[in-house]
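Written below as structure tokens is the structure these notes are about.
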Amino acid sequence: MSKVSNKAISDYLSKEGILHANQGYRFLMLGIRAILDGEVDRYCIRAVYDYVAMQSGISSGQVDRAIRQSIRRTENPVPNKEFLLRAADELALTADANAFIFETANNPTGQ
């Protein structure tokens with residue numbers, strides 16, 4: 001399980017302009033979580049779609065379409081794969097940095 005919380009994923013999506021009311025929002029949450037937790041091959045976007053579709057009980061084409069429509073409404077529309085990987089990377093790096101900062105602050109001697 002990744003150190004990244006669902007709240008952090010939600011905050012990231014909100015910051016990027018993904019509206020919570022969009023169906024793509026839920027699919028992005030599931031897809032990013034799956035990538036962060038290592039449930040799917042991060043470089044195979046079809047695996048992400050298939051995973052989310054299985055979790056949601058719909059087709060992978062519907063997942064692709066809903067995610068694409070949500071991303072198109074943002075300020076910086078990019079391909080689905082780029083958005084998912086960028087989100088996962090930024091969230092993972094932020095979580096690692098925060099863990100390092102708080103670990104160091106709680107244990108200043110490094111032991």
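Inter-residue side-chain proximity for R42 and D89 is flagged as met; some heavy-atom pair is nearer than 4.5 Å.
The two residues A95 and V4 make their nearest non-hydrogen contact at CB-CG2, 3.7 Å. When every heavy atom of D50 is checked against every heavy atom of S60, the shortest pair comes out as OD1-CB, 3.3 Å. Minimum heavy-atom separation, E90 to T94: O-OG1, 2.8 Å. Taking every heavy atom of both residues into account, I32 and A87 meet most closely at CD1-CB, 3.6 Å. Heavy-atom minimum distance, L36 versus A88: CD2-O, 3.3 Å. N22 and S70 get closest at one heavy-atom pair: CB-OG, 3.5 Å.
A salt bridge is defined here as a Lys NZ or Arg NE, NH1 or NH2 lying under 4.0 Å from an Asp or Glu carboxylate O, and K7 with D11 meets this definition.
Rounding to the nearest 0.5 Å gives a distance of 13.0 Å between CZ of F27 and CZ of R68. Note that CD1 of I35 and CD1 of I45 are 6.0 Å apart. Values are rounded to the nearest 0.5 Å. With rounding to the nearest 0.5 Å, the separation of CE in M54 from CG in L30 is 10.5 Å. To the nearest 0.5 angstrom, K15 atom NZ is 12.0 Å from T74 atom OG1. Going from atom CG of L85 over to atom OH of Y43 covers 6.5 Å, rounded to the nearest 0.5 Å. Atom CG of L28 is separated from atom OG of S10 by 11.5 Å, given to the nearest 0.5 angstrom.
Under a hydrophobic-cluster definition in which Ile, Leu, Val, Met, Phe, Trp and Tyr are linked whenever side-chain heavy atoms come within less than 4.5 Å, directly or via other members, V78 and M29 are assigned to the same cluster. By the rule that hydrophobic residues join a cluster once side-chain heavy atoms approach within less than 4.5 Å of another member, Y12 and L19 end up as members of separate clusters. Under the 4.5 Å side-chain heavy-atom criterion for Ile, Leu, Val, Met, Phe, Trp and Tyr, I58 and L84 are members of the same hydrophobic cluster. Neither F83 nor L93 shares a network with the other; the hydrophobic side chains, linked directly or stepwise wherever heavy atoms of I, L, V, M, F, W or Y lie under 4.5 Å apart, form separate groups for each.
Although no hydrogens or angles enter the test, the distance criterion places no donor-acceptor pair under 3.5 Å between the side chain of E82 and the main chain of P79.
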Handout entry: side-chain contact (heavy atoms from CB on, under 4.5 Å) assessment of I67 paired with Y49
Key = CA-CA 10 Å; I67 289 174; Y49 294 158; 4.2 Å; yes
Handout entry: From CA spacing to verdict: side-chain contact (heavy atoms from CB on, under 4.5 Å), R26, S56
Key = CA-CA 9 Å; R26 181 170 162 261; S56 304; 3.6 Å; yes
Practice task
Would you check, one step at a time, whether the test side-chain contact (heavy atoms from CB on, under 4.5 Å) holds for N76 with R86?
Solution key: CA-CA 12 Å; N76 185 23; R86 184 182 303 159; 3.7 Å; yes
